[in-house]
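Here's the structure, in C-alpha cells; my notes come after.
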Protein chains: 2
Amino acid sequence: MSENYRKAIVQRIIKNLLDVQLLRMVQTQPLWGYMIKKKIETNFKIKLRHGALYPTLNSLERRGFLKSQKQTHEGRARKIYTITDAGKEYLRSYYGILKDQLEGKDLK
Amino acid sequence: MSENYRKAIVQRIIKNLLDVQLLRMVQTQPLWGYMIKKKIETNFKIKLRHGALYPTLNSLERRGFLKSQKQTHEGRARKIYTITDAGKEYLRSYYGILKDQLEGKDLK
DNA sequence: TACAATATGTCCTTTATCGTACATATCGCA
DNA sequence: TGCGATATGTACGATAAAGGACATATTGTA
C-alpha cells in the first residue's frame with residue numbers, strides 16, 4: 001500500500017541527491033560515467049541524461065570527493081573514478097543524518 | 001570527524017525535502033505555520049523564510065497530505081495543521097526508501 | 001504611539017536548474 | 001559507409017525556485 005508514492009520519491013531522491021548516489025556507487029567499485037549511466041538506468045528504471053551526469057562527476061572531482069584516471073579500454077577512453085577520503089567522510093555524514101532521521105531524532 | 005559536512009547536509013535536506021520535514025513535524029503533533037518556523041529555526045539552527053513555508057503548507061493541503069482548521073488563540077488566528085492518512089502513507093514510503101538506502105539496497 | 005512579536009499570505013526579480021541539442025571520437029557490424 | 005553503441009563534454013533557451021519585499025492584522029510593551 002505504501003508503494004503508491006515510491007516511484008515519485010525515488011525520482012526525487014535521484015534528482016536532488018544525484019551526487020550522493022554517485023559517491024555511493026563509486027565507493028562500492030571504481031566506475032566511469034557511461035557505466036554509471038547504464039547502471040542507474042537499469043537499476044532505478046529511470047532515464048539519466050548524460051548532460052547532467054558528466055558535469056556532476058566533474059563537480060565531485062573539483063570538490064575533492066572523487067578522483068579520476070584515464071584508461072583506454074578496447075580503443076575507448078574511459079575516465080575511471082575512485083572515491084577519496086573526503087568523499088567517504090561526506091557519505092558517512094550523509095548516512096549519519098539519514099539514520100538520525102529514521103530514528104526520529106532532531107537535526108541540530 | 002564526520003561532523004564537518006553535517007551543517008551543509010542538513011541545510012540540503014531541509015531545502016530539498018521541506019515538505020517531508022513538515023509532514024514529519026505535524027505527524028508528531030498538530031502545529032501551525034509560525035510554530036513550525038520557530039521550531040525549525042531553533043532545532044536545525046537555520047533560517048526558514050515564511051515566504052517559502054506557507055506556500056509549502058498550502059501545497060501539502062492541496063495534495064491531501066495535510067488538513068487545517070482555523071483557531072483563534074489570544075486574539076491571533078492560527079491555522080492548525082494535522083496529517084491525513086495519505087500524508088502518513090507518503091511519509092511511510094519516504095522512510096522505507098531511506099531505510100533501503102541505509103541498508104545499501106538498490107532502489108527499484 | 002511606535003515597535004517587536006505573533007500569524008499568514010502574495011508578488012516580483014534574480015538566480016539556479018532542466019532538458020535538449022550540439023560536438024567530438026572510436027569501434028563493430030550490416 | 002552509414003548506423004548504433006560506447007564514451008565524454010559543452011552551450012543554450014526555457015522553466016523552476018530562491019530571496020527579499022510588500023501586505024495585512026492583532027497583542028503587548030517601551
Side-chain angles (χ1 to χ4, degrees), chain A residues 8 10-22 25-26 29-63 65-82, chain B residues 7-22 25-26 29-63 65-82:
Chain A
V10 169
Q11 279 183 318
R12 233 180 113 166
I13 290 176
I14 292 292
K15 184 182 157 187
N16 289 332
L17 300 170
L18 177 60
D19 54 349
V20 174
Q21 293 300 323
L22 297 182
M25 294 178 76
V26 174
Q29 58 179 313
L31 290 169
W32 61 100
Y34 195 82
M35 192 66 222
I36 290 170
K37 182 171 148 58
K38 289 291 159 188
K39 270 183 177 285
I40 287 181
E41 290 182 342
T42 305
N43 294 342
F44 295 63
K45 294 187 177 85
I46 58 165
K47 261 206 168 181
L48 179 64
R49 297 166 303 107
H50 76 273
L53 173 63
Y54 292 115
T56 305
L57 285 171
N58 289 328
S59 160
L60 284 171
E61 191 168 19
R62 275 199 310 276
R63 288 156 73 191
F65 295 157
L66 291 179
K67 56 173 182 268
S68 70
Q69 56 199 50
K70 284 184 182 170
Q71 286 185 7
T72 304
H73 181 78
E74 293 173 4
R76 268 76 174 255
R78 288 177 181 167
K79 254 176 91 176
I80 312 284
Y81 288 94
T82 47
Chain B
K7 195 169 182 181
I9 293 172
V10 169
Q11 279 184 317
R12 231 180 115 166
I13 290 176
I14 293 292
K15 182 182 157 187
N16 290 331
L17 299 170
L18 177 61
D19 55 349
V20 173
Q21 293 300 322
L22 298 182
M25 293 178 75
V26 174
Q29 59 180 312
L31 290 170
W32 61 100
Y34 195 82
M35 192 67 221
I36 290 170
K37 181 172 148 53
K38 290 289 160 190
K39 270 184 178 286
I40 286 181
E41 290 182 341
T42 305
N43 295 340
F44 296 62
K45 294 188 176 84
I46 58 165
K47 262 205 167 178
L48 178 64
R49 296 170 306 108
H50 74 273
L53 174 63
Y54 292 115
T56 305
L57 284 171
N58 289 327
S59 161
L60 284 170
E61 191 168 19
R62 275 199 311 276
R63 289 156 73 192
F65 295 157
L66 290 180
K67 56 174 183 267
S68 70
Q69 54 198 49
K70 285 185 183 169
Q71 286 184 9
T72 304
H73 181 78
E74 294 174 3
R76 269 76 175 256
R78 289 177 180 164
K79 253 177 93 175
I80 313 283
Y81 287 95
T82 47

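Just the heavy atoms: all of them, side chains too, but no hydrogens, waters or symmetry mates, feed the values below. Below, chain A is the first sequence line, B the second, and so on; all start at residue 1.
When distances run from any side-chain atom of R49(B) to the nucleotides dT8(D), dA23(D), dA18(D), the shortest one goes to dA18(D). Among the nucleotides dA23(D), dA7(D), dG9(D), the one closest to any side-chain atom of Y34(A) is dA7(D). Here the nucleotide nearest the side chain of W32(B), chosen from dA5(D), dT8(C), dG9(D), is dT8(C). Here dA7(D) is the nucleotide among dA23(C), dA7(D), dT8(C) with the atom lying nearest to any side-chain atom of R76(A).
The two residues Q21(A) and F44(A) make their nearest non-hydrogen contact at OE1-CZ, 4.0 Å. Of all non-hydrogen atoms in L53(A) and K37(A), the two that sit nearest each other are CD2-CB, 3.8 Å.
Using a 4.0 Å heavy-atom criterion, one finds that H73(B) contacts no nucleic acid atom at all. Heavy atoms of K38(B) sit under 4.0 angstrom from primed sugar atoms or phosphate atoms, though from no base atom.
As a whole-Å value, the separation of L18(B) CG from dA18(D) C1' is 12 Å. If you take CG of L57(B) and P of dT8(C), they are 8 Å apart, rounded to a whole angstrom. For K79(B) and dT24(D), the NZ to C1' distance is 15 Å, given to the nearest whole Å. Whole-Å rounding puts the H50(B) NE2 to dA21(D) P distance at 12 Å. Atom pair E74(A):CD and dA25(C):P shows a separation of 21 Å (rounding to whole Å applied). Between the CG atom of L31(A) and the P atom of dT6(D) there is a distance of 15 Å, rounded to whole Å. One interatomic measurement links the two molecules: CD1 of I36(A) to C1' of dT6(D), which rounds to 15 Å at whole-angstrom precision. We find that CG of L48(B) is positioned 10 Å from P of dG19(D), with the value rounded to whole Å.
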Determine whether I9(B) and V20(A) satisfy the following criterion, side chain to side chain contact (heavy atoms under 4.5 Å, CB included), listing intermediate values before the conclusion. CA-CA 10 Å; I9(B) 293 172; V20(A) 174; over 6 Å; no
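Regarding contacts with the backbone of dA17(D), every side-chain N or O of K15(B) stays at 4.0 angstrom or more from both OP1 and OP2. Taking 4.0 angstrom as the limit, K37(A) places none of its side-chain polar atoms (N or O) nearer than this to OP1 or OP2 of dT8(D). Regarding contacts with the backbone of dT8(C), a side-chain N or O of Y54(B) is found under 4.0 angstrom from either OP1 or OP2.
A heavy-atom distance below 4.5 Å is not found between the side chains of L31(A) and L22(A).
A donor-acceptor contact shorter than 3.5 Å links the side chain of E61(A) to the backbone of S68(A).
Residue whose closest nucleotide on DNA chain C sits further toward the 5' end, between G51(A) and K70(B): K70(B).
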